Amino acid sequence: METQDIIEPLIKDPTLIFFVVLLVILFAPIVMSKLRIPHIIGMVLAGVLIGEHGLNLLQRDISFEVFGQVGLYYIMFLAGLEMDLESVKKNSKRLVIFGLLTCFIPLILTYLMSITILGYGARSSFLLGCIMASNTLVAYPIIGRYGLQQNSSVMISVGSSMLSLFLALVMLAGLVGTFSKDSGWLFWTLFVIKFTAFCAGSILLIPRLARYFLRRYSDAVMQYIFVISVMFLSAALSALIGLEGIFGAFFSGLILNRYIPHVSPLMNRTEFIGNAIFIPYFLIGVGMLINLNTLLEGAEIWGIVLLIAFFGTFGKALAAYLSALLFRLTKAEGHMMFGLTSAHAAGAIAMVMVGRRLLLDDGTALTDNNMLNGVVIMILVTCIISTIMTERASQQIIFNERALPDMNKPRQDDEKIMVCVKYPEIAPQLLELAQLTRNQKLKRELVALNVVYDGENSAKEREQGLQLLEQLQRQASASEVQVQTQVRLATNIANGIKHAFRESGCSEIVMGMHVHTEITKKFWGEFIQSLYNGLNRQILLMRFTQPLSTLRRIQVAVPSRAEFEPGFKRWLERLCRFAGQLDCRVQFHGRHESLTLIEQYVNNQHPNVRAEYTYMAHWNELPQLASHIGDDNLLVVVNARKGTISYKNALDRLPDELTKYFSGTNLMIIFPDQYGNTKEEKMSFTEAQHHEENSIYDTLLNWIHKSHKIINPIDT
């Protein structure tokens with residue numbers, strides 16, 4: 001090792017160094033995919049090959065230290081961002097049980113092995129046990145490729161990894177404290193105070209900073225820099241109180257989770273930069289630390305490596321499969337839990353380097369060279385095991401999900417959302433709203449429409465419309481969403497929207513109301529009435545007063561008998577997706593009959609959505625909601641067209657009530673799908689068709705009254 005340390009690397013030029021690293025990042029996945037080996041292993045093996053213990057092409061200089069540290073923080077930060085916090089709360093008992101098992105089983109096994117077989121002292125054995133008790137989510141990028149971030153076994157594994165890491169770091173801090181003169185109750189009291197202050201300060205300050213910054217600055221670069229700055233500040237403060245920075249990075253990701261929707265451009269940029277540069281740098285840097293030549297020094301190092309890797313990995317496997325058995329999870333999910341929690345990386349290196357700084361009474365280091373080399377090579381072994389198991393488990397879980405039929409899923413989903421844009425100030429948020437409510441699995445394109453009045457200024461307005469749509473295309477491409485754009489000339493704006501809607505085969509419309517535009521009778525009576533009378537599909541009107549990511553609660557006013565409308569499930573599904581992406585609470589106000597069906601649907605289709613249900617006896621109580629809606633709330637009013645089942649005369653007063661009581665509120669108005677044809681098409685009906693339609697309608701109302709015992713079927 002010493003002679004190799006003296007030999008200078010072949011490549012010293014910074015440009016060529018970065019070029020070689022990029023070649024590794026480019027070709028490692030290609031080569032590994034042909035060999036059917038996870039590409040993460042390729043990054044680590046490439047680091048072994050090009051490092052000072054291999055071909056000595058590159059030296060592990062300060063760039064690998066800095067970028068590798070950033071990559072490790074990125075892995076933990078993304079794990080926190082992508083966690084479904086509501087599922088974590090529901091699985092909190094499982095998380096704690098698995099976290100304790102995956103921490104203490106490997107610790108105890110490794111500690112006993114180290115004392116009895118390797119002959120290490122108590123403190124050296126305890127340090128080795130702490131190293132094996134923790135783990136690093138090296139294989140987590142594989143989860144992102146398969147889209148399994150919200151799988152229950154994944155969330156339990158990620159949460160338990162943080163719990164085991166925290167316990168290991170606390171025990172390491174206690175071990176370090178034994179080498180200090182002040183290692184008594186004062187040390188632990190001070191540590192608890194610092195840790196409590198760190199957590200409380202982060203929970204109180206980071207959300208306020210995020211809401212303040214995201215409301216005022218929409219620049220993509222500024223938002224990204226803000227997010228990464230929060231991550232590094234949290235990591236630095238975490239290291240300052242005696243914990244590793246990776247805990248702070250993960251904790252900041254958890255706090256920012258609800259402010260960065262999973263389908264937002266900001267999330268896409270954060271993931272892209274991390275997966276393209278920083279995380280590969282970290283993996284290559286880990287490989288450069290591994291010295292395979294030590295395996296040739298004799299049988300002793302082989303024994304240390306095999307014993308450490310076996311007992312540590314066996315302990316992780318025992319904890320994972322025992323927990324899967326207790327939780328009644330599938331075999332594939334047990335493999336997933338083992339795969340994610342079995343790898344060790346920079347955290348283990350950091351711990352063993354701490355041992356190198358601690359001196360025993362005889363002047364020797366707590367960690368000798370054999371333990372250091374054994375731990376580093378153990379990292380390679382566990383990374384290989386972890387990535388292979390995670391890859392296979394992911395494939396098996398995906399296969400099982402596709403093999404199981406979904407009885408509640410409709411045979412054919414006609415979803416295709418049209419976004420009608422006019423005002424540049426709110427157009428980006430309308431597109432973001434469509435992205436948050438669309439079905440991500442269908443991967444269907446959005447339709448962005450700008451209708452220009454065919455008059456004297458039509459050429460200029462058409463050019464402005466093209467520029468606006470080009471801006472929206474760039475925004476959508478940042479989230480990898482395809483958008484079909486169209487500028488249309490029309491002598492009647494509503495007719496232009498209706499014709500484009502039918503020609504594009506869309507299922508619903510998302511459009512906005514300018515924040516400074518009042519909901520006047522002219523707007524409501526002419527434009528909107530012309531639009532919804534000509535279309536029997538869902539129309540969603542939105543008024544923004546702040547960014548969507550800063551919303552904390554959605555208040556939904558549901559008219560009685562809304563559950564009998566054909567568009568009931570469509571708007572409910574959109575709101576559930578919206579609330580789930582923003583991780584905010586949604587509160588439904590309505591009759592018991594409607595709320596019961598809404599609760600059943602939410603529990604069955606979106607169990608992770610935090611929903612509340614409040615009884616509202618009469619539609620006249622709508623103005624009373626004004627006192628319960630804050631600046632960071634969204635009011636959703638489910639409307640109804642005349643002649644439909646849920647229509648009532650009180651809805652005619654809606655424009656006046658919204659203007660009077662909810663003038664400065666974030667507002668969404670929904671016109672659901674309806675049965676039958678539009679008003680324009682009804683004009684050609686024969687008298688017999690009218691008679692048949694009325695008969696069906698009367699029969700349906702009679703059935704509703706009898707089955708639900710509605711005493712006053714019409715609200716006034």
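Everything numeric in this text was worked out from a predicted model, so none of it was measured.
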- [ ] Take E612 and R585 through the side chain to side chain contact (heavy atoms under 4.5 Å, CB included) test and state the conclusion after the steps.
- [x] CA-CA 8 Å; E612 300 174 359; R585 295 184 181 275; 3.7 Å; yes
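- Sorted by first and then second residue, the pairs that involve residues 472-493 and meet salt bridge (charged side-chain N to carboxylate O under 4.0 Å, His left out), not counting sequence neighbours, are E470-R474, R488-E503.
- A 4.5 Å side-chain heavy-atom check between M222 and F226 finds every atom pair outside the cut-off.
- With values rounded to the nearest 0.5 angstrom, E463 atom CD is found 5.5 Å from L466 atom CG.
- By the neighbour-count criterion of 12 heavy atoms within 6.0 Å, atom NZ of K416 is densely surrounded, having more than that number from other residues, nucleotides or ligands.
- Residues Q482 and R444 are not in side-chain contact: their nearest non-hydrogen atoms beyond the backbone lie 4.5 Å or more apart.
- Closest non-hydrogen pair, A434 versus V419, comes out as CB-CG2, 3.6 Å.
- N457 places no side-chain N or O within donor-acceptor distance of the main-chain N or O of K460, the cut-off being under 3.5 Å.
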- [ ] Could you go through the side chain to side chain contact (heavy atoms under 4.5 Å, CB included) check for S153 and I397 one step at a time?
- [x] CA-CA 10 Å; S153 62; I397 290 174; 4.2 Å; yes
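- Proximity of a side-chain donor or acceptor of T644 to a complementary backbone N or O of A640 within less than 3.5 Å is not detected.
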Open item on the list: With side chain to side chain donor-acceptor pair (under 3.5 Å) as the criterion, how do Q440 and R438 come out once you've worked through the C-alpha distance, each side chain's angles and the decisive distance to 0.1 Å?
Closed with: CA-CA 6 Å; Q440 310 299 322; R438 67 191 285 265; 3.2 Å; yes
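- Between R610 and D583 the shortest side-chain heavy-atom distance falls below 4.5 Å.
- Note that OG of S229 and CD1 of I225 are 6.0 Å apart. Values are rounded to the nearest 0.5 Å.
- A distance of 10.0 Å separates OG1 of T485 from CD of E445, quoted to the nearest 0.5 Å.
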All N/O donor-acceptor pairs, side-chain side in residues 271-284, below 3.5 Å, sequence neighbours left out:
unit_1: N275; atom_1: ND2; unit_2: E271; atom_2: O; d: 3.1

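- Aromatic ring pairs are classed by plane angle as parallel below 30°, tilted from 30° to 60° and perpendicular above 60°; the pair F18 and F67 is perpendicular.
- Looking only at atom types and distance, the side chain of R570 has no donor-acceptor partner in the side chain of Q538 under 3.5 Å away.
- Side-chain N or O atoms of S504 include none that pairs as donor or acceptor with a backbone N or O of F501 at under 3.5 Å.
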Task: S264 and N268: CA distance, side-chain angles, deciding distance, side chain to side chain contact (heavy atoms under 4.5 Å, CB included) verdict - done: CA-CA 6 Å; S264 65; N268 188 269; over 6 Å; no
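- Residues L430 and F544 share a closest heavy-atom pair of CD2-CE1, 3.6 Å.
- Counting only heavy atoms from C-beta outward, the side chains of V556 and V638 approach each other to under 4.5 Å.
- M668 places a side-chain heavy atom less than 4.5 Å from the side chain of I670.
- In this view, T665 satisfies the side chain to side chain donor-acceptor pair (under 3.5 Å) rule with no residue, not counting sequence neighbours.
- Between Y453 and N492, the closest side-chain pair of non-hydrogen atoms is not below 4.5 Å.
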TODO: Could you please spell out the steps behind the side chain to side chain contact (heavy atoms under 4.5 Å, CB included) verdict for V636 and L667?
DONE: CA-CA 6 Å; V636 179; L667 178 64; over 6 Å; no
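- What you find for R502 and G534 is that their closest heavy atoms are NH2-O, 2.5 Å.
- Within a 6.0 Å radius of CZ in R462, other residues, nucleotides and ligands contribute 12 heavy atoms or fewer.
- Although no hydrogens or angles enter the test, the distance criterion places a donor-acceptor pair under 3.5 Å between the side chain of R258 and the main chain of L551.
- H499 contributes a side-chain N or O that, together with a main-chain N or O of N495, makes up a donor-acceptor pair within less than 3.5 Å.
- No donor-acceptor pair under 3.5 Å is formed between the side chain of S234 and the backbone N or O of V230.
- The CE atom of M418 sits 5.0 Å away from atom CG of L449, with the distance rounded to the nearest 0.5 Å.
- Taking the ring pair (Phe, Tyr, Trp, His ring centres under 6.0 Å) definition, one finds that F578 meets it with nothing, sequence neighbours left out.
- A donor-acceptor contact shorter than 3.5 Å is absent between the side chain of T390 and the backbone of T387.
- Rounded to the nearest 0.5 Å, atoms CZ (R641) and CG (N536) are 7.0 Å apart.
- With sequence neighbours left out, N666 forms a side chain to side chain donor-acceptor pair (under 3.5 Å) with T545.
- There is a side-chain donor-acceptor pair under 3.5 Å between S646 and E565.
- Q223 and Y217 get closest at one heavy-atom pair: NE2-O, 3.0 Å.
- A donor-acceptor pair under 3.5 Å is formed between the side chain of T659 and the backbone N or O of P655.
- Here CE of M155 is found 12.0 Å from CG of L340. Values are rounded to the nearest 0.5 Å.
- Residues passing the ring pair (Phe, Tyr, Trp, His ring centres under 6.0 Å) test with Y259, sequence neighbours excluded: none.
- Ion pair D631/R552 not flagged as a salt bridge, since none of the NZ, NE, NH1 or NH2 atoms sits closer than 4.0 Å to an Asp/Glu carboxylate oxygen.
- Aromatic rings from Y73 and F77 are positioned such that their centres are separated by 6.0 Å or more.
- At least one side-chain heavy atom of V154 sits under 4.5 Å from a side-chain heavy atom of Y140.
- Judged by distance alone, with hydrogens and angles left aside, the side-chain atoms of Q475 form a donor-acceptor pair with the main-chain N or O of P428 at under 3.5 Å.
- Side-chain polar atoms of S479 and Q435 form a donor-acceptor pair below 3.5 angstrom.
- With contacts defined as side-chain heavy-atom distances shorter than 4.5 Å, the pair V483/V447 does not qualify.
- Between R574 and E415 there is a salt bridge, since a side-chain N of the basic residue sits under 4.0 Å from a carboxylate O of the acidic one.
- Between L658 and L635, the shortest heavy-atom distance links the atoms CD2-CD2, 4.3 Å.
- Closest approach of P207 to S202, counting heavy atoms only: CD-O, 3.5 Å.
- Under 4.0 Å is where a charged nitrogen must lie from a carboxylate oxygen, and between K422 and E461 no such pair does.
- A donor-acceptor distance shorter than 3.5 angstrom exists from the side chain of N450 to the backbone of V421, with no hydrogens or angles considered.
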